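Counting starts at 1 for both ligands and their atoms, following the listed order. The structure displayed is predicted, hence computed values, not measured ones.
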Amino acid sequence: MKTINIIESATVYIVQIPLVIPFETSFKRVTHKEALLLKLSSEGDTGWGESVASFGPYYSYETNQTVLQLLRDFLIPALKEKRDFTIGDYLQDIDSIRGHSMAKATVENALLDLVARQINVSVGSLIGGKKQKVPSGISIGLKDDMDQLINTIAKASDAKYHRIKLKIKRGKEKSILTAVRSNFPHIQLMVDANGDYTLEDLHLIKEMDNHNLMMIEQPLHYDDIYFHSLLQKEVQTPLCLDESIRHLRDAETAARLGSGGVINIKQGRVGGILKAKKLAEFCVSKGIRVWSGGMLETGIGRAFNIQLQTLETFDLPGDTSETSRYFHEDIADPPVVLDQDGSISVSTSPGTGVTLNEKKLKKFQVHYEKLY
Ligand code: OSB
Ligand code: MG
């Protein structure tokens, strides 16, 4: 890959953008998206990255504040000193830092965007992606009542989303799935429990087996791989791991144990686009299918997820939805919109193909810090 001469400056912004509707999972209800953005500059070009961490340690131990500390004290100082280096060189330098993959991904993403812009190619083609269109998918949060849920699904189905994912919670699986399947017997449907169940709940999980689901995402503990392998022996529906897969070695463990047939790869969770690509190749070689997840990203992070899905290894619809279902106003242009057939056309413009909207950035900014 192309070498970078020098990174001349690094700046962090944290924004809080109101969500169109609150998003509720088994672990938290959120009304705003808080995102940390990193801007890197080199010889007249700019690269942007977005951390997938959030304000609190609920999905993972990382938060925007831990990402900021890692950037300030370790990741950016390591970058500041470098001359004539590749992204691979830099990733090797920071390999001795344990964990903090969301912080590392933020820098990797900004570097990839920058390099792609310098050589006038999209991030997707820079990593060898071929697809010009990617499928869409929607993740629908827990709702206060069933009518609300049914209406939301009806709208998503009319918009032609390729598959619908429902957030699920222990004890609610039967009422939700019975109501949804009686209204929508044929939609491509899956559920995500975000670790709400234990093996003691086998009878509840077996209930989910009766509703023709594509997969059940992270039914057990957020950090578990082993118990999922025991569970997979008891249910027909493929299990999908999300938060418990932190890196390639976790996927190797899951493959050896037989912990599930699918992995939700969030590039921002596994250390960036390049690590996500390797992880996906490994999974496919072991017969594990992969798709790109989402973390309610702004237009910056969303664009990386779309570029990643140009790779052939990502052959299942992911959690990539239209901008308008998350935000009335976003900080990047243009917004993501679905085509007539529900798919998303991939930008072939340099980098991620999106431009930061300075006015919106100012409007939603809650923190600004020039790192150097
Ligand atoms: O578990 O996939 C998840 C959002 C925040 C945290 C965790 C998850 C999610 C989603 C939303 O499911 C995916 C999206 O639309 O970006
Ligand atoms: Mg999930």
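- For ligand 1, none of its N or O atoms has an N or O atom of Phe27 under 3.5 Å away.
- Nearest non-hydrogen protein atom to atom 13 (C) of ligand 1 is Gly294 O, 3.3 Å.
- Note: no N/O pair closer than 3.5 Å links Phe23 and ligand 1 by distance alone.
- Of the possible donor and acceptor atoms, one in the side chain of Glu108 sits under 3.5 Å from a partner among the backbone N and O of Leu274.
- Per residue Asp192, closest N, O or S atom to the Mg ion (ligand 2): atom name OD2.
- Of the candidates Met295, Lys167, Glu217, it is Met295 that places a heavy atom closest to atom 6 (C) of ligand 1.
- Aromatic rings from His100 and Tyr61 are positioned such that their centres are separated by under 6.0 Å.
- The nearest pair of heavy atoms linking Thr46 to Ser41 is OG1-OG, 4.3 Å.
- Less than 4.0 angstrom separates some heavy atom of Tyr59 from each of these atoms of ligand 1: 7 (C).
- Other residues, nucleotides and ligands contribute more than 12 heavy atoms inside 6.0 Å of the NZ atom of Lys82.
- Of the possible donor and acceptor atoms, none in the side chain of Gln236 sits under 3.5 Å from a partner among the backbone N and O of Asp209.
- Heavy atoms of Arg269 found under 4.0 angstrom from ligand 1: none, in either backbone or side chain.
- Using the six-membered ring where Trp is involved, Tyr13 and Tyr368 have ring planes that are perpendicular, over 60° apart on the 30 and 60° scheme.
- Across all non-hydrogen atoms, the minimal contact from Arg163 to Met190 is NE-SD, 3.3 Å.
- When each atom of ligand 1 is checked for a heavy atom of Ser139 under 4.0 Å away, the hits are 10 (C), 11 (C), 12 (O), 13 (C).
- Proximity of a side-chain donor or acceptor of His328 to a complementary backbone N or O of Ser324 within less than 3.5 Å is not detected.
- Residue contacts with ligand 1 for Asn194 involve side-chain atoms from C-beta outward but no N, CA, C or O (heavy atoms, distance under 4.0 Å).
- In terms of protein heavy-atom proximity, atom 15 (O) of ligand 1 is closest to Tyr326 OH, 2.6 Å.
- Although no hydrogens or angles enter the test, the distance criterion places no donor-acceptor pair under 3.5 Å between the side chain of Arg302 and the main chain of Asn305.
- In the vicinity of Arg325, heavy-atom distances shorter than 4.0 Å reach the ligand 1 atoms 15 (O).
- Of all the N, O or S atoms in Glu217, the one closest to the Mg ion (ligand 2) is OE2.
- Looking only at protein heavy atoms, the nearest one to atom 16 (O) of ligand 1 is Leu296 N, 2.8 Å.
- In Asp242, the N, O or S atom that comes nearest to the Mg ion (ligand 2) is OD2.
- Atoms of ligand 1 lying under 4.0 Å from at least one heavy atom of Asp242, given by number and element, are 1 (O), 2 (O), 3 (C).
- Contacts between Asp192 and ligand 1, counted as non-hydrogen atom pairs separated by less than 4.0 Å, involve the side chain only.
- Comparing Lys266, Lys33, Lys28, Gln218 by heavy-atom distance to atom 3 (C) of ligand 1, the nearest is Lys266.
- Between the side chain of Tyr222 and the backbone N or O of Asp196, no donor-acceptor pair lies under 3.5 Å.
- We find the NZ-OG distance between Lys33 and Ser54 to be 6.5 Å, quoted to the nearest 0.5 Å.
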